[in-house]
Amino acid sequence: MALTPLTATPASAAVDGNTGTRWSSTFSDPQWLTVDLGATATIGSGEGTPPGNGIPGPTTASLEAARGPLTTATYTVPRPSGYGSGTVTYPTASGSYPGIVLMPGYQGTQQNLQWLAPRLASWGFVVINVGTNTLTDDPESRGRQITAAGTQLLALGNAPGNPLSGKLDGTLGAAGHSMGGGGVMAALRDDPRFRAGVPTAPYHPNGNFSGVTEPTFFLTCQSDSVSHGDRYAVPWYNSMSQAEKLYIEVPGDHLCPMTGYGNKAKQGKWMVSFFSLWLRADTRFSPFLCGPARDADKNNTSLVTRWMDTCQF
């Protein structure tokens, strides 16, 4: 068998853009290949928009502001399919972005998480804030409605002439409150399209989520008499041995994640950072969850009453 001479497989062939050529090292150690990218670059894995996409590097001040750097617009879904109602907030800039479904809790409406939709959208997400089929839908039903809303959101992104056309990159996440948080857990368990979730003060009396493997951020309330973290979120957190996890308990009652309650500057910073890291593989946001930038929050007992994580992510 004839051997290919090494002169035919130089190091330059590794990056010449020709799939018909290749580099082969000599048969002795040490051998390596250095590639000059021409500038500093962040390299990550996973689906979603690469870091950047017109989104400036985050700072504590910018993440704690009520709005991020991108201009947004809203679109009302005319015919919701599988859920009650939907309002989409999306970046007006060109480009495609991950989608996020927001789900309210028992007796709740879109008002429950209305504060969160523009904050997320202005950091590069297409957010559908949904209302449920009925105000008393249980967590499993809410999980199915999250799935339905995600399906329709992606379809709208592929509909010619729709304001959302071309805005979705195919990646999905979800956040929800109370029974909506239980619905987020059900969606993460059942629908592999959902790649990260933020259940807040989550409630699901019969949930077994040990099989959830996607990154999950539990935000709970210290004085919650409805769904205290020790009853639901902590056992779920401990059972999810294959997932990256973040758990933050803050002062307040069951309503602490809702519009008009709690510290929205901090809650927003953590949620934006979590979704940016896990839906967009944007590691610029990681220090606010797993690095020096988080320590001022984590160690402030008037702000955080319990913090657990699987850092380094």
Side-chain angles (χ1 to χ4, degrees), residues 42 44-58 62-70 72 88-91 95-103 113-130 146 149-150 153-154 167-177 180-181 183-185 187-188 191 193-200 202 212-219 243-248 257 264-291 293-294 297 309-311 313:
T42 299
S45 61
E47 296 179 307
T49 306
N53 197 36
I55 300 169
S62 66
L63 285 171
E64 293 187 359
R67 296 291 185 274
L70 302 183
T72 64
V88 182
T89 308
Y90 61 96
S96 59
Y97 306 91
I100 297 177
V101 180
L102 303 184
M103 174 60 67
L113 297 176
Q114 189 175 49
W115 73 272
L116 184 56
R119 189 182 293 256
L120 287 171
S122 61
W123 278 103
F125 300 95
V126 178
V127 184
I128 180 167
N129 189 7
V130 308
I146 288 173
L153 187 63
L154 295 178
K167 291 288 185 183
L168 279 302
D169 68 6
T171 308
L172 291 174
H177 175 249
V184 169
M185 296 305 298
L188 290 174
D191 191 336
R193 299 177 303 169
F194 285 85
R195 306 305 301 274
V198 180
T200 68
V212 172
T213 60
E214 301 298 346
T216 306
F217 168 21
F218 297 95
L219 177 66
E244 298 283 10
K245 298 166 290 187
L246 174 64
Y247 181 100
I248 303 177
K264 293 308 180 228
K266 303 297 185 179
Q267 294 177 17
K269 175 177 65 177
W270 299 329
M271 292 189 202
V272 167
S273 296
F274 191 82
F275 280 129
S276 296
L277 175 62
W278 292 115
L279 295 185
R280 214 171 38 234
D282 195 333
T283 56
R284 297 177 300 171
F285 291 80
S286 184
F288 300 95
L289 305 174
C290 281
R294 66 145 184 207
D297 293 346
D309 57 52
T310 52
C311 295
F313 290 143

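As the structure is a computational prediction, the values presented were derived from the model and not from experiment.
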Return the minimal non-hydrogen interatomic distance between Arg280 and Ile55, and the atom names on each side. CZ-CD1, 3.5 Å
What I'd like to find out is whether the side chain of Phe275 reaches to under 4.5 Å of the side chain of Phe125, using heavy atoms alone. yes
For residues Leu188 and Arg195, determine if any side-chain heavy atom of one lies less than 4.5 Å from a side-chain heavy atom of the other. no
Partners passing salt bridge (Lys or Arg N to Asp or Glu O under 4.0 Å) against Lys269 (at least two apart in sequence or in another chain): Glu64, Asp297
So, do Val184 and Val198 sit near enough that their side-chain heavy atoms are less than 4.5 Å apart? no
Could you state the interatomic distance from OH (Tyr97) to CG (Leu120), rounded to the nearest 0.5 Å? 14.0 Å
Would you name the heavy atoms of Leu279 and Leu172 that are closest together and state the gap between them? CD2-O, 3.5 Å
Lys264 side chain to Pro257 main-chain N or O, any donor-acceptor pair under 3.5 Å? yes
Selection residues 113-123 - residue pairs positive for side chain to side chain donor-acceptor pair (under 3.5 Å), sequence neighbours left out: none
Decide yes or no for Val126 and Pro98: does some side-chain heavy atom of the first lie under 4.5 Å from some side-chain heavy atom of the second? no
Look at the side chain of Thr72 and the backbone N and O of Leu70, then say whether any donor-acceptor pair between them is shorter than 3.5 Å. no
Note: Val212 and Thr216 closest approach over all heavy atoms is CG1-OG1, 4.0 Å
Side chains of Leu113 and Met103: closer than 4.5 Å at any heavy-atom pair? no
List in chain and number order the residues that pass side-chain contact (heavy atoms from CB on, under 4.5 Å) with Thr310, two or more places apart in sequence or in another chain; answer none if no residue qualifies. Tyr237, Glu244, Lys245, Phe313
Minimum heavy-atom distance Leu63-Ser273, with the two atoms named: CD1-OG, 3.6 Å
Taking all heavy atoms of Pro202 and all of Gly181, pick out the closest pair and write down the distance. CB-C, 3.9 Å
Set of residues satisfying ring-ring contact (aromatic ring centres under 6.0 Å, His included) with respect to Phe288, sequence neighbours excluded: none
Partner residues of Asp309 under the side-chain contact (heavy atoms from CB on, under 4.5 Å) criterion, sequence neighbours left out: Leu246, Arg294, Lys298, Trp307, Cys311
Minimum heavy-atom distance Arg193-Leu154, with the two atoms named: NH1-CD1, 4.0 Å
Is any side-chain heavy atom of Leu153 closer than 4.5 Å to one of Leu168? yes
Pairwise side-chain contact, Ile128 with Ile100, heavy-atom cut-off 4.5 Å (strictly under): no
Is any side-chain heavy atom of Leu102 closer than 4.5 Å to a side-chain heavy atom of Leu116? yes
Hey, can you tell me if Trp270 and Phe217 have their rings parallel, tilted or perpendicular (30° and 60° cut-offs)? perpendicular
At what distance, to the nearest 0.5 angstrom, does CD1 of Ile248 lie from CE of Met271? 9.0 Å
Quick one: salt bridge (Lys or Arg N to Asp or Glu O under 4.0 Å) partners of Arg67, sequence neighbours excluded? none
